[in-house]
Each structure stands twice: as structure tokens, then as C-alpha cells.
Amino acid sequence: MQQLEKDFWRCLLWACGSFLFTGAILSHFYVVHSEDHYLYIHTVLEFISVFVSFAVFTMAWLTRDGLEDRQGRFILCLGLGFFAVGIIDFLHAMAYDGMPALLTSGSEQKAAFLWLFGRYVAALTFLAAIFLLDREKLPLVRSALAGLCFVIGIATLALVLSTYYLHLIPALFTEQYGLTDLKVKLEYGVIALYLLSFKLLWDRRSCIQETISSQLIWYLVFSIFSEIAFTTYESIYDTFNMAGHIYKALAYYFLFRAVYLSGLVDYFYTMSEMAKMSAEFLNDDITLEQMLDVQMTKLRKLMPQAERISVYLKKANDCYRAVYVWGRYSNLLYHGREIQFVNIEKKLGCQLTLITRPRKIPAQIGNDAYTPEIGVAFLAAHQMLYVPLMAKGTFLGYIFIYTFSRTCSFSHEDLEKAAVFQKFAALAIAQAINRETVTRLSYQDTLTGLPNRRRFFEELSKIKYDADQYTIPFTVVYLDMNNLKFINDNIGHHAGDQALKRIGEELCEVARQSDVPARLGGDEFAIIFRHTGLADGQQLIANLKQHFSALTVSGADYTVSLAVGGASYPEETDNEEHLLKLADDRMYEAKRIMKLTMK
């Protein structure tokens, strides 16, 4: 909003300066060289206004089904109202002497009336659009059709009054005295309506995108100065009359930018990119990191000036993992890097924020609040866009978007694109995390955290395929816990669960990263040792028998033991079923021997 205030003062100073320039300098050329010359300029300026009015209406009408929020209703109301304004401006342009007669010949009275009529319709349309910002809901299709019929009626009324009933309109301009008091007072009435619109728009500026609000402020300021010019001219062919039309054309230029470019084109372009991105997520097999690659590619397209993008997702407490890294300083803050950022939700907030001086962040939040390498990027950055990822009130992580060059800055449009992107990205990431969680749980034993039976046999098939293709041996080991039923019945199921968890922890310790430990169910466990032939496998089995002969459980006064048996592929068998049976038989033989030893 600070930028919006700067835009307002810049616009006001620019308009005041140009108005003073018009009064001080162009007053020496008070009368335009010829009426024909003025007529040509006037027609061009008015037809620019007519084109903008019809363009605003056309775009708003064609996209009305997508204009369902408050801002959308604001734009639709402007579009409908300016359809009537465009017709009235066309009638005004045709009312000048020298233009083709439209029902009746042109006159200064007719031109002045249509000008005032069009300005009041424009000002009241703006007020109506602002009041719609306070409405939560509105039947869009029905109100749009009713509004179209209403504005067509307004335009028809302007045509009838300016032709057949013009004699009923009090004098607004006379050859002898120029502007009448009534005309001047009515112009002041339009100015008052524009000032009221400005006040109401400023109070409700948070309801509209900042780019749109900024352009509308320029529209209102130039419209006010246009009306001021029309309280000072003495001839419809003089310089101040022309200046008023020039100000009006400038005002319509900013209206066009607000509604057509910022309000619709940018919005629907961003939504189109988000739709394309969402379509790629329909694939159930897409992983979180693949999805992030798609998202960040879209973000880099939307913000080509970005020089670094990093995405950090929350792991636990204040620990975050870099799940996407692109751009400068990737050697320090690389993909997969875990960092600490203490209370980032409180220190940087949960709202999308443009940080114009990132180098001040360390002093503001404390150097001990984050991993030191992040400070390197903070100190070097020119601007940083902080995009928190929130879904259903849960803080998932955040995106840092940097620019380092002073010639690259984020604009209003970039912030609005980022806001749209933020919603899509956070929802998609939350769904991807949930999907991965569900997938992990479907392959994971909930008690021990080990892969379950389903995952074990899927991995076994993959490992056997590699072994057949590349002659890579492996060994399968079965383990079975002794006396689980006794522990459950005599000490309690909680003790049995603790024993199973302890076994799971030990299996993770003895297994290498490439191996596959698993709980097959109940008291049965297994491990697949990759790249392990017969000799190494036999040594591993011997070590496991020793390791699991008496395993202590933390906080318990008993120990547990496991029977161990295994078989190697392909030295002992080249058949998967036979391999498993062989390992199972050997495990049960070991179990029988252990029972005899206990006796």
C-alpha cells in the first residue's frame, strides 16, 4: 500500500504540473488555428475514449462468468456502465458542427449537454462499482443482463434528450457569454462525485489488486483535472477545451490499463498458467519433487527477473529441508540441504511480503535465528519476495525469491502473480505431501516404521530383476522373534510392542542404506542384503545370530532373541520361491535349535 500512496502523489504532482503548464504557456495560443483543425483533434480524442469504453465493456462482458469475486463485480460494473458512456461519447463527438448530422444537426448546446450527461454516467458508474465491493454475493448472470438493459436505456435516454427534447434543457453554453453558471456548477458536481469516488476507493483499496487501484487513482485524478479545464474555457474551440479532452483521453488510458490489462489480461494469463500447472498434477505418479519442478518452472516464467528461487518445507520444529533450489548460491544452499530458521512464521509472518532491504533481516531477527549460509543471500540480495506456504491454517514451509541486480525489481504485477501462485502452490504441495504420506503408510509398518510385507516383496522383485540382468548377487534373511506371545500374555501388549520397536531399530542399524529391512507381520522380520554373495551372506547370518541372541529392551528387565536363517541368490538357487523357502526353513531350524538350547 505504500507504493499505492507514492503513485497517488506522483500522479497528483504530474497532473498539477501539466495543468499549470497548460494555463501558463498554452494560454498564449488561446484559440486553435482553425475550427476544422480543432474538429479533427477533437474527433480523434473522442474516438479514443469511445474505443476504450467499448473495449472495457467487451472484455468484461465476455469474461463475466469468471468475475465472481468482489473485484470481478467491480470490473463488470465498470464495463457495463462504460458501454453507455461510450455511446454517449460517440454522440458527443457527432454533435459538433462539421460532423454528419445524427437525427438533428450539431450545436454547442447539444455537445455540452452530451458531455455533461456522459460525465455524470461515468462518475455514477464508478460509485456504483465501488459500492459493489461491499456486497458479499450477487446473482451474476441475472444482474449482468439487467445492468446491460439498464445502461442501454441510459444511452437511449441521452440520444432522445439531445435530439428531440434538447429545447427543454437549460442553456449550458452561449455564443455571447460562453459557459453558463449552470454548466460550471454541473461540472463542479462531477468533480465532487469523482472526489467522493476517490475517497471511497481509497478506503476500500485492500479489496482490489494494487495494480488496479493504482491505475484507477490515475484515472480519477486526470478525470478531475479534465472537469476543471471544462470550467474555464470560453470557446469550444480554445486551448482549455482541448486540454480537457486531452486529460480525458489520458484518464481513459489508465482506465484501460486498470480494467483491460491489470484486471483481466494479467489475471487470466496467470490463471491460465496455474491451470496448465494444475493439469500436470493430475498424474497420480508425480512425486513432490517433480511437482515442485513444474511449479517453479511456471514461477520462473511468471517472474523472469528472479535470480534465485528456493523452496523449504518443514521437517520438525524449526528445521526445514531445501526441496527446490535454483539460481545463485546453490553451492551453499543446495538441494536437500537442511537449515534452521527459528520461528520464521512469527519473524517474517504468514503473509506474502516484499522485502526491499533483505540485508537488514539479520539485524532485525538476530543472527542466531537461522543457518548462517542463508545470511549470505540476504546480504547480497537487492530484493526478496517471501512467500509462505499455508494450507488450512498449517504452515508447510516457504519460498524465497531473490533479485540481486539493482536493475531487477519486483513490480505490483509480480506481487499479484505471486499471490495467485501462492494459493495454488500451497494447496498442491499439501496434497502432494498427503499423497506421499498415504503412499508411505501403505508401504510402512506403523509400529516399527520398517517397510511392510507389500514393500518387501516389491523390492525383492526389483532386486531379483537386477540380479538376473547384471549378475548382482543378494541374500535374503528371515528373522523370527521368540516368545512374543509369552511377553504379551504375562507382561503386557505394551511390552510386546516395545520389544518389536527395539527389533526394528536394530534392523535399521545393521542394514546398509541399500538394504531392505522389513516387518512381514506379527513377530516375523526379514532383510534383503544387496550385492551380497554366499560367503558374505553366511558371515552376515552368523553375525546376526550373535547380535540377536539376547537383545535388551530399554526400560525393561527382560531380553528378547530372534531366530535367523537365510539363503543367497543365485549361488544356492535361481528360483525366487525356492530362495524364500530355503531361508524360511533355515530360520525355523535355527528356532528349533534355540528352543532346545533354552531347555
Side-chain angles (χ1 to χ4, degrees), residues 283-292 313 315-316 321 323 336 431-470 472-481 484 496-533 536-537 540-541 544 547-548 551 560 562-570 572-588:
N283 184 358
D284 292 336
D285 297 330
I286 191 170
T287 65
L288 175 61
E289 296 199 357
Q290 289 172 335
M291 184 201 68
L292 284 168
L313 294 185
K315 287 194 66 179
R321 185 172 72 91
V323 292
Q431 291 176 337
I433 292 174
N434 291 338
R435 186 166 60 244
E436 287 196 351
T437 300
V438 171
T439 302
R440 187 183 72 251
L441 292 176
S442 69
Y443 283 98
Q444 186 182 67
D445 175 59
T446 55
L447 180 64
T448 63
L450 293 173
N452 58 17
R453 186 182 191 89
R454 175 185 176 187
R455 176 69 178 277
F456 175 82
F457 283 104
E458 286 187 5
E459 290 296 320
L460 178 61
S461 298
K462 296 176 184 177
I463 293 171
K464 181 181 178 300
Y465 176 83
D466 290 341
D468 293 338
Q469 292 292 317
Y470 308 110
I472 302 174
F474 67 91
T475 296
V476 174
V477 176
Y478 274 2
L479 305 94
D480 191 273
M481 177 182 171
L484 176 61
D497 290 345
Q498 288 298 109
L500 292 171
K501 288 180 182 178
R502 181 75 177 91
I503 293 170
E505 292 170 358
E506 287 300 311
L507 287 179
C508 290
E509 289 292 327
V510 301
R512 300 164 301 185
Q513 189 173 2
S514 59
D515 298 332
V516 184
R519 182 188 179 195
L520 303 183
D523 53 5
E524 297 180 15
F525 296 85
I527 308 178
I528 307 173
F529 290 98
R530 298 174 188 261
H531 304 278
T532 304
D536 292 337
L540 273 172
I541 292 168
L544 289 173
H547 187 85
F548 288 104
L551 191 66
V560 296
L562 283 84
V564 181
S568 299
Y569 185 96
E572 293 187 284
T573 178
D574 59 358
N575 181 273
E576 182 179 328
E577 292 184 6
H578 187 221
L579 176 74
L580 296 176
K581 186 176 186 307
L582 193 60
D584 195 47
D585 290 344
R586 289 173 178 175
M587 182 271 294
Y588 275 109

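Along the sequence shown, residues are numbered consecutively beginning with 1.
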Quiz item: Is the closest basic N to carboxylate O distance between Glu458 and Lys462 below 4.0 Å?
Solution: no
Self-check item: Atom pair CZ/CG of Phe457 and Asn452 - distance to nearest 0.5 Å
Solution: 11.0 Å
Practice problem: Find the distance between CG (Asp480) and CG (Leu562) and round it off to the nearest 0.5 Å. | Solution: 7.0 Å
Quiz item: Under a 4.5 Å cut-off applied to non-hydrogen side-chain atoms, are Thr448 and Leu507 in contact?
Solution: no
Quiz item: Should Leu580 and Leu460 count as side-chain neighbours, where that means a heavy-atom distance under 4.5 Å?
Solution: yes
Quiz prompt | Glu459 side-chain N/O to Arg455 backbone N/O, donor-acceptor pair under 3.5 Å | solution = no
Quiz item: Within the distance-only criterion (no hydrogens, no angle test), does the side chain of Thr475 pair as donor or acceptor with the backbone N or O of Phe529 below 3.5 angstrom?
Solution: no
Quiz item: Around atom CD of Glu577, are there more than 12 heavy atoms of other residues, nucleotides or ligands at under 6.0 Å?
Solution: no
Quiz item: With a 4.5 Å limit on heavy-atom distance, are the side chains of Val516 and Ile463 in contact?
Solution: yes
Quiz item: Phe456 vs Tyr478 aromatic rings, parallel, tilted or perpendicular, using cut-offs 30° and 60°?
Solution: tilted
Quiz item: So which pairs with a foot in residues 516-528 pass side-chain hydrogen bond (donor to acceptor under 3.5 Å, both in side chains), sequence neighbours left out?
Solution: Asp445-Arg519
Quiz prompt | Contact check, side chains of Asp515 and Phe474, non-hydrogen atoms, under 4.5 Å | solution = no
Exercise. Taking the side chain as every heavy atom from C-beta outward, state whether Val477 and Leu540 have any atom pair closer than 4.5 Å.
Key: no
Practice problem: Take Val560 and Arg502 through the test side-chain contact (heavy atoms from CB on, under 4.5 Å) and record every step on the way to the result. | Solution: CA-CA 9 Å; Val560 296; Arg502 181 75 177 91; 5.7 Å; no
Quiz item: Is a side-chain N or O of Arg586 found less than 3.5 angstrom from the main chain of Gly566, in a donor-acceptor match?
Solution: yes
Self-check item: Pairing of Glu505 and Lys501 as salt bridge, 4.0 angstrom limit
Solution: no
Quiz item: Under 4.5 Å between any side-chain heavy atoms of Thr532 and Arg512, yes or no?
Solution: yes
